[in-house]
Amino acid sequence: MIEELSRLLAVNGYIPHGYCLSWSPTLVFTFVASDVLIFLSYFSMPLVLIYFARKRKDFPYRWLLWLFSAFIMACGATHLMGAVVLWQPMYGLDALLKAITATISVATAIALWPLLPHALKLPSPTQLRLSNEALHHEIDQRQKVEEALRLANAQAEDNLQRKVLLLAAIVESCNEAVIGKDLDGVIVSWNRGAEKIFGYTAQQMIGQHATKLFPTERQFEEHDFLTAVLHRESIFQFETQRIHQDGRLIDVAFTVSPILDEKAQVSGASILASDITERKRTQRELERMTEQLQQLNQTLEARVIERTAELAQANALLAESSADLKRSNRELEQFAYVASHDLQEPLRMVVGFVQLLEKRLADKVEGETREFMGYAVDGALRMQKLIQDILVYSRVSSRGAPPATVDSADALSEALLLLGNKVADSGAVVQSEGLPVVQADRTQLVQLFQNLIGNAIKFCKQDAPKIQVDAVRQGRQWRFSVTDNGIGISEEYRERVFGIFQRLHTREEYEGTGIGLAVCKRIVERHGGTIGVEAAPGGGSIFWFTLDAEQNT
Amino acid sequence: MNTERGNPRSIEILLVEDNPGDVRLTREAMKEGKINNCLNVVNDGEQAMAYLRREGRFADAKRPDLILLDLNLPRKDGREVLAEIKVDPELKSIPVVVLTTSSAEMDVQRAYNLHANCYITKPVDFNQFMSVVQQIDDFWVNLVTLPKR
């Protein structure tokens with residue numbers, strides 16, 4: 001074999017190819033240059049192919065690349081040999097190389113035919129460009145959609161985040177406690193309201209068992225809460241007590257509801273709690289007050305009953321005393337009658353027979369006897385006047401009519417009419433102004449004016465009497481005043497003048513029994529008023545009295 | 001007065017009065033006034049009615065021309081007497097002068113309601129009383145015309 005090969009490669013016996021060309025430098029040069037350039041070109045091609053193959057691992061016919069590389073290199077080698085044989089007649093090697101090249105060429109040619117349908121199926125660059133463009137378009141579209149999607153997503157996420165933040169802010173800012181707890185009763189969320197109400201911070205409470213806040217006697221409530229929540233029930237406004245961080249008991253109202261997870265399973269409980277300590281305190285205060293009020297009411301009722309009984313008793317007494325009063329009034333009436341009739345009869349006897357004696361013994365009676373008889377008659381007559389005055393006085397109450405609406409100006413006119421000549425004879429001037437309508441017994445009001453004006457006329461000085469009657473309003477009453485320019489009354493007697501039969505003068509100075517002002521006082525007092533006297537500026541007196549105003553004014 | 005006029009008429013007067021002093025004073029007043037009438041006196045209301053109806057010891061009594069009646073009388077008082085007289089067809093034409101000490105309004109009213117012909121309160125003063133008696137006589141005897149007996 002080796003012998004064979006060395007024979008083949010032997011150069012002895014052949015002439016260099018240059019001889020065929022007569023060593024024409026042009027030909028030789030052209031041959032050599034061409035062959036060498038071809039060789040170099042051919043050998044560079046596989047490098048490109050190999051680079052391609054390495055880069056395009058997805059290329060389906062890699063073996064074809066290898067085959068092509070071998071084919072080109074073999075061709076290159078034959079061309080190199082063409083140059084070599086110009087000088088070295090190594091035709092054996094040349095032939096061998098050609099044979100190899102031929103083999104590879106045939107193999108390559110054969111291999112190419114079955115490949116043709118596949119190669120035809122391979123997209124053309126145009127197709128590729130088009131599909132590429134379509135693809136690009138699609139990619140573009142997709143990218144756009146993706147961008148929109150991303151934007152939307154980002155927005156949604158943003159919204160969600162904002163919403164979550166808002167909810168969190170709401171929960172945080174809520175004055176009520178918003179607490180979350182899991183099914184073991186462990187606290188998982190604790191807002192600011194809870195911090196405010198219970199005094200613990202979220203840090204202190206999250207992870208703690210809720211029963212930490214429960215007073216001992218209320219520990220059972222946790223079980224009730226969890227049971228309700230597991231049954232998907234809510235508890236509304238459950239009022240109870242909890243322990244504040246500082247140890248004091250606070251009143252709270254709970255609303256406990258189940259929290260459902262995304263699979264609608266109960267995952268925990270939400271608790272809304274509000275501090276109702278103040279409300280409870282107010283409520284307790286209210287209850288206490290209500291109780292007090294009830295007690296007060298009861299006391300009051302008892303008092304009312306008691307008072308009613310007392311009043312009934314008093315009423316009975318009053319009825320009794322009213323009956324007594326009526327009886328005593330009747331008795332007084334009786335007395336008055338007896339006084340007017342029975343007491344006067346003996347007086348008439350005394351007066352009548354003494355006067356008869358005087359007449360019969362006219363010739364025989366001496367001066368002294370006549371004088372004594374005169375005193376007896378005078379005494380008896382005075383006695384009679386006194387009796388009549390007592391009657392007038394007693395009749396103020398026994399004969400009084402109930403008060404009615406009276407125009408006091410009319411009453412004054414009537415009094416002046418009754419005084420008649422006394423006014424005219426004395427030359428008295430009686431003036432009045434703005435006299436009101438009052439509540440009074442008309443007859444007695446007339447008598448009151450008659451007595452006061454009668455007095456003013458009687459107790460006058462040298463000058464003609466000037467009498468002024470006025471009235472001014474004082475609350476529910478009118479204050480009347482009768483002002484005269486008479487002799488006046490010394491201060492020390494101003495109380496006494498209203499006493500019965502009180503006189504400041506002798507009978508020789510001024511007649512009268514001293515009943516007039518006593519009757520005035522009795523009339524005014526019977527009307528619920530008061531009477532008095534004061535000095536008038538220019539001497540004289542002001543007699544004043546008060547009477548109730550007309551009911552509707 | 002009558003005598004002065006020279007035309008003295010005499011009438012029958014019944015005085016119903018329980019007080020003898022008053023009776024005497026009335027008589028004396030008439031005497032002082034020279035009144036010449038026939039004054040018959042009874043001391044209570046029962047006697048007065050018996051007299052007017054001529055019962056018992058008054059069977060022969062004369063029917064009076066005028067009655068002077070006090071109100072306060074024992075047994076049957078003046079008001080009852082007045083009422084009985086004024087409902088009696090036989091007696092109601094006789095004028096009745098109520099002459100009493102009472103000045104009570106109630107008595108005055110009641111007397112007139114019972115058809116008294118007039119009401120006079122006896123004055124305390126004797127001279128005034130005399131004057132009253134005089135005027136009664138003057139009025140009822142001389143001035144008015146009385147019904148026939």
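Everything quoted here is computed from the prediction, not taken from an experiment. Sequence lines set the chain letters: A, B, ... in the order given, protein chains first and strands last, and positions in each chain run from 1.
Proximity to chain A (any heavy atom under 4.5 Å) is shown, for Q128(B), by neither the backbone nor the side chain. Interface remark: D107(B) contributes side-chain atoms only to the contact with chain A (heavy atom separation under 4.5 Å). If you measure heavy-atom distances from D125(B) to chain A, the contacts under 4.5 Å come from both the backbone and the side chain. Contacts of T121(B) with chain A are absent, with no heavy-atom separation under 4.5 Å from either backbone or side chain.
For NZ of K86(B), the number of neighbouring non-hydrogen atoms (other residues, nucleotides, ligands) closer than 6.0 Å is greater than 12. Annotation for M383(A): atom CE does not count as buried by contact number, only 12 or fewer foreign heavy atoms lying within 6.0 Å. Counting non-hydrogen atoms of other residues, nucleotides and ligands closer than 6.0 Å to CD of E371(A) gives a total above 12. Within 6.0 Å of atom CZ in R110(B), 12 or fewer heavy atoms from other residues, nucleotides or ligands are found, so the atom counts as exposed in its surroundings. By the neighbour-count criterion of 12 heavy atoms within 6.0 Å, atom OH of Y493(A) is sparsely surrounded, having that number or fewer from other residues, nucleotides or ligands.
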Report the C-alpha separation of E345(A) and D70(B) in whole Å, then their side-chain angles, then the decisive distance to 0.1 Å, and conclude whether the side-chain contact (heavy atoms from CB on, under 4.5 Å) test is met.
CA-CA 12 Å; E345(A) 244 179 27; D70(B) 190 11; 4.0 Å; yes
Could you walk me through whether M130(B) and Q355(A) pass side-chain contact (heavy atoms from CB on, under 4.5 Å), step by step?
CA-CA 11 Å; M130(B) 249 172 53; Q355(A) 287 179 330; over 6 Å; no
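Taking CZ of R348(A) as the start and NZ of K122(B) as the end, the distance is 4.5 Å to the nearest 0.5 Å. The CZ atom of R360(A) lies 4.0 Å from the CD atom of E28(B); values are rounded to the nearest 0.5 Å. Within the model, atoms CZ of F126(B) and CD of E358(A) stand 11.0 Å from one another, a figure rounded to the nearest 0.5 Å.
When side chains are defined from C-beta on, R24(B) does not count as touching L356(A), because their heavy atoms never get closer than 4.5 Å.
At a heavy-atom cut-off of under 4.5 Å, chain A is reached by N72(B), R79(B) from residues 71-85 of chain B, listed in order of number.
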